[in-house]
Participant: 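Dumping the structure here so I can ask a few things about it.
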Amino acid sequence: MDLLYRSTRGEKQQVTASQAIIKGLADDGGLYVPLSLPKLSVEPEALVGLPYQEVAYLVMKEFLTDFTEAELRACIKRAYDDKFDDQAIAPLVKRDGQYFLELFHGATIAFKDMALSILPHLLTTSLKKNHVDKEIVILTATSGDTGKAALAGFADVPGTSIIVFYPKGGVSPIQEKQMLTQKGQNTTVIGVEGNFDDCQTGVKKMFADVKLKEDLAAHGYQFSSANSINIGRLVPQVAYYAYAYACMRAQGELKSGQKMNVVVPTGNFGNILAAYYAKQMGIPIDQLICASNENRVLFDFFQSGCYDRNRDFILTSSPSMDILISSNLERLIYLIAGESTEKNAAMMAELQTKGSYTITAKMKEKLADFCGIYADESEVFGVIREIQERSGYVIDTHTAVAAAALKKYCDNTADQNPCVIISTASPYKFARSVMNAIDSKYDALEDFALIDELSRLSGVKVPKAIEEIRTAPILHHTVCAKEMMEDSVRNVLSIS
């Protein structure tokens, strides 16, 4: 029997996985969640030694039940191929006595490739299954990495267009150039005079705009999303936690039945929610360590039970985590509220109107799987420098937030479980911050001279994704005020 999905906010209609992938966001503004979280059909031990593609299939088939085996395997085969520069796809490496799951070996050298390499194939398969004849307009807000990965995934995919909004001045120079040099007749990149939360709020508002939806339909268009609010983004992320466990067992770092912890640098909450889903499926995960940067809204939530975005927005060296509205947290709130769409919708309405909500003591008890920790900029830079000096291994600023959080966790607990650090981006993506952390003398170098120096220092070849943008021309020039995002979309699609 197919696993069906519902909105977290009470919309009565239940949909299949493929329908949820097409829509992206429910009509009532809620996020699609499965009616029940599925279990793995094999024991976790059966995953040990399997290639990434097979682990991905065994995990994803439990969520995407209206896909045939042939359809899902075809999507996986097309996604996880030689676009990745490591045959393992997501290698688990042991460096400086710690375990790093490297999720940055895809086309845009960030973890978003793990899901956005497959989402276009899941979407186009879903369109065929549901006989959709409208052109899908992928509308996405990015804090830096989703944008490029989505653009690369959807560039020139028939039947789709993609429009990406990013905070002008709020992403790294490399991230920005990766987006602005993106080729493809169906791609548009727009800088927004505001922060990521402004971009995300504007996109959500457009999804909920009935008049805009009608105007789109009249011109043969339909919105969908490539953000992790789309279940087609979230499900592929569950797979790499299962793979991490299999690798830990294969490398002899875990005994049979022994649990591991994971520490995840967290902004929009999708990555760590995927780890929670993996745990619920039966993967032996104990603690989910939610690592925040100085925008510590999630840390404060786990401490107090109050989610409060009414605070200063801080630009840090880990810009993909500079987020005050963690959209995917809604899926967790729905679960700990006893799957009550009414309670969840009420709290999301409070967040919209007051900027905060508080969960009950009973709900807070259900967060025992999570531990929130934050790291400030000095701790982030310190851990990059220390790991490089001790081992020669260079990590990016987001991974460093996780490494610094793990250090605090180990200092403050007696937990002996091995812990996997989720390494979400290549240091090349944030070369200036990384090199400044190692030695401030590097700040005098221009961006690509820094890249070459990082290669010399780390002994790691400059990735193809960086080499490609050295001399690539800027193709996207549009910047708009946050209030003008809808007008920009209408202009792109020639809708009055």
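FYI, the numbering just counts along the sequence from 1. Every value quoted in this text rests on a predicted model; they were computed, and no experiment measured them.
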Participant: Looking at F67, I'd like to know if the NZ or CZ of K129 sits under 6.0 Å from its six-membered ring centre while staying within 45 degrees of the ring's axis.
Facilitator: yes
Participant: Answer yes when E386 and K407 have at least one side-chain N-carboxylate O distance shorter than 4.0 Å, and no when they do not.
Facilitator: yes
Participant: Keeping Q175 on the side-chain end and S172 on the backbone end, is there a donor-acceptor pair under 3.5 Å?
Facilitator: yes
Participant: Under 4.0 Å between a Lys/Arg side-chain N and an Asp/Glu carboxylate O for K279 and D369?
Facilitator: yes
Participant: May I ask you to check whether over 12 heavy atoms, not counting those of Y374, lie within 6.0 Å of atom OH?
Facilitator: no
Participant: Is it the case that the side chains of T108 and K148 hold a donor-acceptor pair, with the cut-off being a distance below 3.5 Å and no angle test?
Facilitator: no
Participant: Is a side-chain donor or acceptor of R385 paired with a backbone partner of A437 at a separation under 3.5 angstrom?
Facilitator: yes
Participant: Salt bridge or not for E71 and K128, using N-O below 4.0 Å?
Facilitator: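 Salt bridge: no.
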Participant: With a 4.0 Å cut-off, would you call E62 and K39 a salt bridge?
Facilitator: no
Participant: For E54, is there an ion pair with R73 - N to carboxylate O distance below 4.0 angstrom?
Facilitator: yes
Participant: Does either side chain, that of Q251 or that of K94, offer a donor lying less than 3.5 Å from an acceptor on the other one?
Facilitator: no
Participant: For H398 and F430, take the angle between the two ring planes, folded into 0 to 90°, and tell me which bin it lands in: parallel under 30, tilted 30 to 60, perpendicular over 60.
Facilitator: tilted
Participant: Going from OH on Y80 to CE on M114, what distance comes out if it is rounded to the nearest 0.5 angstrom?
Facilitator: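 Spacing of OH (Y80) from CE (M114) equals 5.5 Å.
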Participant: Could you tell me whether K83 and D113 make a salt bridge, using a distance below 4.0 angstrom between a side-chain N and a carboxylate O?
Facilitator: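 Looking at K83 and D113, the cut-off is not met.
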Participant: Enter the distance from S391:OG to R95:CZ here, rounded to the nearest 0.5 Å.
Facilitator: 8.0 Å
Participant: Salt-bridged, K408 to E379, with N to O below 4.0 Å?
Facilitator: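 The answer is yes: the pair qualifies as a salt bridge.
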Participant: If you round to the nearest 0.5 Å, how far is CD of Q13 from CG of D27?
Facilitator: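 Nearest 0.5 Å value for the CG-CD distance: 7.5 Å.
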Participant: Just checking, any donor-acceptor pair under 3.5 angstrom between side chains of T316 and E294?
Facilitator: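 Not at all, the side chains of T316 and E294 share no donor-acceptor pair under 3.5 Å.
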Participant: Would the Y241 and Y277 ring centres measure less than 6.0 Å apart?
Facilitator: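 Judged by ring-centre distance (under 6.0 Å), Y241 and Y277 do not meet the cut-off.
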Participant: Rounded at 0.5 Å granularity, tell me how far CD1 in I289 sits from OG1 in T413.
Facilitator: 7.5 Å
Participant: Angle class for the F302/F370 ring planes (parallel below 30°, perpendicular above 60°, tilted otherwise)?
Facilitator: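 Geometry flag for F370 against F302: parallel rings.
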Participant: Any donor-acceptor pair under 3.5 Å linking the side-chain atoms of S7 with those of D28?
Facilitator: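 Judged by distance alone, the side chains do pair up.
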Participant: Using a distance-only test with no angle check, is there a side-chain donor-acceptor pair under 3.5 angstrom linking S327 and K204?
Facilitator: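 There is such a pair between these side chains.
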Participant: Report, as yes or no, whether the 6.0 Å neighbourhood of atom NZ on K61 holds more than 12 heavy atoms from other residues, nucleotides or ligands.
Facilitator: yes
Participant: Ignoring hydrogens and angles, state whether a donor on the side chain of Y307 or E350 is under 3.5 Å from an acceptor on the partner side chain.
Facilitator: no
Participant: Looking at D96 and R390, is there a salt bridge between them, counting it only when a charged N and a carboxylate O are closer than 4.0 Å?
Facilitator: yes
Participant: If you measure from the Lys or Arg side-chain nitrogens to the Asp or Glu carboxylate oxygens, is any gap between E342 and R9 under 4.0 Å?
Facilitator: no
